[in-house]
Amino acid sequence: MAERTFRLYDTLSRTVKPLVTVEPDHLRFYCCGPTVYSYAHIGNFRTFLTSDLIVRTAQAIGWRVSYVSNITDVGHLTQDDVADAAGDDKMAKALASKEGEQFANVWDLARHYSDIFEDAWRQLNLQAPTVRPRATEHMREQIIAVEDLIRKGNAYETPTGVYFSVDSFADYGKLSGNRDRENLQVAVRDVVQDDNKRNPADFALWKKDDKHLMQWFSPWGWGFPGWHIECSVMAQKYLGDTIDLHGGGEDLKFPHHECEIAQSEAGTGKPFCNHWIHVTFLQAEGEKMSKSKGNFYTVPDLLEQGYSALAIRMALISVPYAKPHNFTLQTLRDCQGHIERFQECDRRIAAAGSPEPAISEGHELAGLYEEALEAMLNDLNTSVALAKTLEGVKVILRQTTLAGDEAAAAVWFLDKVNHLLGIVRPLYVSLAEEAASGSDEIDGKAIDAWIEERQAAKKGKDFAKADAIRDKLIAAGVELRDTPQGVEWIRR
RNA sequence: GGCGACGUGCCCAAGUGGUUAAGGGAAGGGACUGCAAAUCCCUCAUCCGCCGGUUCGAAUCCGGCCGUCGCCUCCA
């Protein structure tokens with residue numbers, strides 16, 4: 001494969017630049033995952049979908065990808081926003097809420113939401129990360145990292161915990177642009193509880209608290225780690241001192257990623273990460289989504305309303321990650337229609353005997369795939385990639401009877417596009433599953449009987465009866481198609 | 001207050017200096033059908049929020065204005 005350039009916007013340099021890996025053709029990528037104290041909404045998944053597309057695009061040009069995405073199952077605090085840690089614990093708060101009554105303890109709660117999260121992850125056809133580490137399973141590494149920072153003079157202990165000294169790290173603020181230390185201090189001062197901090201902007205690496213619901217023993221007594229240290233530690237453990245790409249939601253730019261850079265670079269003396277990507281927040285029906293507002297769609301909710309997971313996926317990636325994207329049910333319905341056209345392609349492929357994928361050079365579909373890939377390599381232009389995909393579908397469906405080389409080319413195209421965008425594949429699975437699990441509804445034999453009866457009615461010009469049968473079948477989720485070859489039916 | 005994004009047809013949306021302004025949805029017309037559904041074909045922005053400027057040439061660059069939104073403050 002010819003050497004390809006993968007261009008991506010980089011938050012650090014504020015430009016779109018080629019993604020260059022330390023090790024040729026091997027991308028080491030860390031994406032910050034969720035804190036599992038509640039249900040994830042589709043906005044969360046815009047971020048993970050973007051990461052997934054990065055992984056797929058890299059794979060499409062022949063790169064190997066080491067992809068790490070964590071789960072934060074430690075409570076942390078609701079006011080980590082100002083880099084320091086103070087205030088109520090998210091997990092504790094969730095446990096104390098009405099929804100939390102069903103859980104035995106915070107560990108149980110974290111496991112519950114984490115399981116639901118991973119289910120949705122799979123349903124949206126997101127590739128499994130190479131490693132999905134959990135903060136609570138890396139306590140020892142975090143403690144060692146904090147000790148190391150104290151030894152190097154970047155951190156110090158006070159009666160309330162251990163803090164990172166932002167003044168000991170000259171580059172603090174280089175990612176977010178928060179160079180204005182004064183302004184930062186004003187913000188931090190509002191919630192800081194420890195006057196022993198050297199600089200109000202110093203953030204917590206370890207909090208001492210022997211009353212906390214999740215606590216561990218450390219050189220500083222019972223307590224729990226600061227929010228930022230887990231990602232520094234897990235990224236280093238699984239990907240090395242210097243990683244190629246680090247991503248997350250736009251809100252993580254500051255303080256989270258800023259703090260990660262400070263901790264990691266102070267600890268190793270090497271650049272932490274060469275390329276940063278941040279995903280713009282999703283809006284829904286013209287309004288901002290948020291956990292606290294409660295105006296969010298979740299994957300299980302939308303599935304229950306009858307939308308397919310692939311349609312949800314497609315709707316969420318239909319606008320490039322860096323642009324504001326207003327998710328609406330209208331968009332979702334449009335995508336549902338597109339997914340059904342993929343299914344139509346699949347039926348015709350099946351009718352053509354499901355040939356092995358093959359395509360001749362210069363074939364129209366080969367050109368369209370190339371254009372879709374090119375769009376993805378250009379800062380993940382999903383709008384264009386999707387447009388090329390739909391054009392390909394049109395090319396396939398334009399042929400009244402799909403057969404031979406054309407059928408093989410159609411298989412090739414759908415396979416390629418599916419690897420790249422992940423919006424086609426589960427189709428084949430789900431169709432098979434549907435056929436297998438359809439027994440609880442009206443069975444094939446009964447359908448055939450109805451069709452026969454309808455054909456007889458049509459023959460006798462009793463169209464009222466024929467239509468009544470058709471309506472009945474539609475109500476049962478069976479769609480009839482009168483073709484020159486006879487009557488076919490599919491489940492909807 | 002600091003930082004940033006966006007404003008393209010009825011709707012979503014690509015395009016960031018130069019032939020006919022991608023693609024999809026909706027809508028209208030047609031083929032097919034007993035009628036439908038599915039599928040296919042055709043039509044659908046001389047114009048890109050407004051006003052100036054730069055240029056041989058701008059939706060694309062610059063300035064101003066108006067409007068919408070986001071981050072910095074639970075958030076991916």
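Remember, predicted model here, so these are calculated numbers, not experimental data. Sequence lines set the chain letters: A, B, ... in the order given, protein chains first and strands last, and positions in each chain run from 1.
Distance NE2 (A:His325) to P (B:G4): 25 Å, rounded to an integer number of Å. If you measure from atom CG of A:Leu473 to atom P of B:A36, you get 19 Å, rounded to the nearest angstrom. The interatomic distance linking A:His278 (NE2) with B:G4 (P) rounds to 16 Å, in whole Å. In this structure, the CZ atom of A:Phe342 is 17 Å from the P atom of B:A38, given to the nearest Å. The interatomic distance linking A:Glu250 (CD) with B:U73 (C1') rounds to 13 Å, in whole Å. In this structure, the CD atom of A:Glu340 is 9 Å from the P atom of B:U39, given to the nearest Å. Per the geometry, CG belonging to A:Asp52 stands 15 Å off C1' belonging to B:A76, to the nearest Å. Rounded to a whole Å, the CD atom of A:Glu374 is 18 Å from the P atom of B:A14.
For the P atoms, the distance linking B:G25 with B:U43 amounts to 15 Å, nearest Å. Nucleotides B:U60 and B:C6 have their C1' atoms positioned 15 Å apart, rounded to a whole Å. A distance of about 29 Å separates the C1' atoms of B:G70 and B:G17, rounded to the whole Å. With C1' as the reference atom, B:G18 and B:G24 are 28 Å apart, rounded to whole Å. Taking atom P in both B:C41 and B:C32, the straight-line distance is 16 Å, to the nearest Å. Rounded to a whole angstrom, the distance from the C1' atom of B:C62 to that of B:U54 is 7 Å. A distance of about 40 Å separates the C1' atoms of B:G1 and B:C10, rounded to the whole Å. Distance check on atom P: B:G23 versus B:A45 gives 13 Å, rounded to whole Å.
If you check B:A37 for Watson-Crick or wobble pairing at under 3.5 angstrom, you find it has no partner at all. Under the Watson-Crick or G-U wobble criterion, with both distances below 3.5 Å, B:C32 is left unpaired in every strand shown. In a base pair of the Watson-Crick type (N1 to N3 plus N6-O4 or O6-N4) or a G-U wobble (N1-O2 and O6-N3), with each distance short of 3.5 Å, B:G17 is matched with no nucleotide. Summarising the base pairing, B:A22 is matched to no nucleotide, lacking a Watson-Crick or G-U wobble pair whose two defining distances lie under 3.5 Å. In this structure, B:U55 forms no base pair with any nucleotide, since neither Watson-Crick nor G-U wobble geometry is met with both distances under 3.5 Å. Using N1 to N3 plus N6-O4 or O6-N4 for Watson-Crick, or N1-O2 and O6-N3 for G-U wobble, each under 3.5 Å, B:G67 pairs with B:C6. Base pairing of B:C47 is not made with any nucleotide, judged by Watson-Crick or G-U wobble geometry with both donor-acceptor distances under 3.5 Å.
Between A:Tyr238 and the choices A:Arg132, A:His138, A:Arg28, the side chain to side chain donor-acceptor pair (under 3.5 Å) rule is met once, by A:His138.
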Query raised in the report: For nucleotides 21-33 of chain B, read 5' to 3', which letter fits each nucleotide if B means a protein heavy atom sits under 4.0 Å from the base, S means only the sugar-phosphate is that close, and - means neither?
Result: -BSSS--------
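The nearest heavy atom of RNA chain B to A:Arg14 and to A:Arg470 marks one nucleotide each, and the one closer to the 5' end goes with A:Arg14. Judged by closest nucleotide on RNA chain B, A:Pro324 is the one of A:Ala466 and A:Pro324 placed further toward the 5' end.
Contacts with RNA chain B (heavy atom under 4.0 Å) in residues 311-323 of chain A: A:Val319, A:Pro320, A:Lys323, listed by number. Within residues 396-407 of chain A, the residues having any heavy atom under 4.0 Å from RNA chain B are, by residue number, A:Leu397, A:Arg398.
Minimum atom distance to the side chain of A:Leu252 is reached by B:A76, of the listed B:A76, B:C74, B:U39. Checking B:A76, B:U73, B:C74 against the side-chain heavy atoms of A:Leu282 singles out B:A76 as nearest. Closest contact between the side chain of A:Phe281 and the listed nucleotides B:A76, B:G34, B:C74 involves B:A76.
Remark: A:Trp276 CH2 is packed, more than 12 non-hydrogen atoms of other residues, nucleotides or ligands lying under 6.0 Å away.
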What donor-acceptor contacts under 3.5 angstrom involve side-chain atoms of residues 397-409 of chain A, with partners at least two apart or in another chain?
residue: A:Gln399; atom: NE2; partner: A:Val395; partner atom: O; Å: 3.2
residue: A:Glu406; atom: OE1; partner: A:His363; partner atom: NE2; Å: 3.2
residue: A:Glu406; atom: OE2; partner: A:His363; partner atom: NE2; Å: 3.3

Please list every donor-acceptor pair under 3.5 Å in which a side-chain atom of residues 385-394 of chain A meets a protein atom from a residue at least two apart or in another chain.
residue: A:Lys388; atom: NZ; partner: A:Glu371; partner atom: OE1; Å: 3.3
residue: A:Lys388; atom: NZ; partner: A:Glu391; partner atom: OE2; Å: 3.4
residue: A:Thr389; atom: OG1; partner: A:Ala385; partner atom: O; Å: 2.8

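A donor-acceptor contact under 3.5 angstrom links the side-chain atoms of A:Asp467 to the base of B:G34. For a distance-only test at 3.5 Å, the side chain of A:Lys253 fails to qualify as a donor-acceptor partner of the base of B:C71.
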Report task. Would you please test A:Phe117 and A:Phe48 for ring-ring contact (aromatic ring centres under 6.0 Å, His included) and show each step? Result -> CA-CA 11 Å; A:Phe117 173 75; A:Phe48 308 125; 5.5 Å; yes
Requested in this report: Give the C-alpha distance, both sets of side-chain angles, the deciding distance and a yes or no for ring-ring contact (aromatic ring centres under 6.0 Å, His included) between A:Phe164 and A:His228.
Outcome: CA-CA 11 Å; A:Phe164 185 94; A:His228 317 298; over 10 Å; no
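Scored by the ring-ring contact (aromatic ring centres under 6.0 Å, His included) test, A:Phe103 finds A:His112, A:Tyr113 as partners (sequence neighbours excluded). In this structure A:Trp412 satisfies the ring-ring contact (aromatic ring centres under 6.0 Å, His included) test together with A:Tyr369, sequence neighbours excluded. The ring-ring contact (aromatic ring centres under 6.0 Å, His included) search around A:His278 returns A:His257, not counting sequence neighbours. The side chain to side chain donor-acceptor pair (under 3.5 Å) test applied to A:Asn381 returns no partner, not counting sequence neighbours. With sequence neighbours excluded, the residues that form a salt bridge (charged side-chain N to carboxylate O under 4.0 Å, His left out) with A:Arg348 are A:Glu344. For A:Phe29, the ring-ring contact (aromatic ring centres under 6.0 Å, His included) test picks out A:Tyr67, with sequence neighbours left out. The salt bridge (charged side-chain N to carboxylate O under 4.0 Å, His left out) test applied to A:Arg341 returns no partner, not counting sequence neighbours.
With centres under 5.5 Å and a plane angle under 30°, the ring of A:Phe463 is stacked against the base of B:G34.
Checked by atom type and distance alone, the side chain of A:Arg313 never pairs as donor or acceptor with a backbone atom of A:Leu49 at under 3.5 Å.
At a threshold of 4.0 angstrom between heavy atoms, the contacts of A:Gly43 include nucleobase atoms, whether or not backbone atoms are also involved. As judged by a 4.0 angstrom heavy-atom cut-off over every strand, A:Leu480 is placed among the base-contacting residues.
Side-chain rings of A:Phe45 and A:Phe327 stay apart, their centers remaining 6.0 Å or farther from each other.
Taking only side-chain nitrogens and oxygens, A:Asn326 never comes nearer than 4.0 Å to OP1 or OP2 of B:C6.
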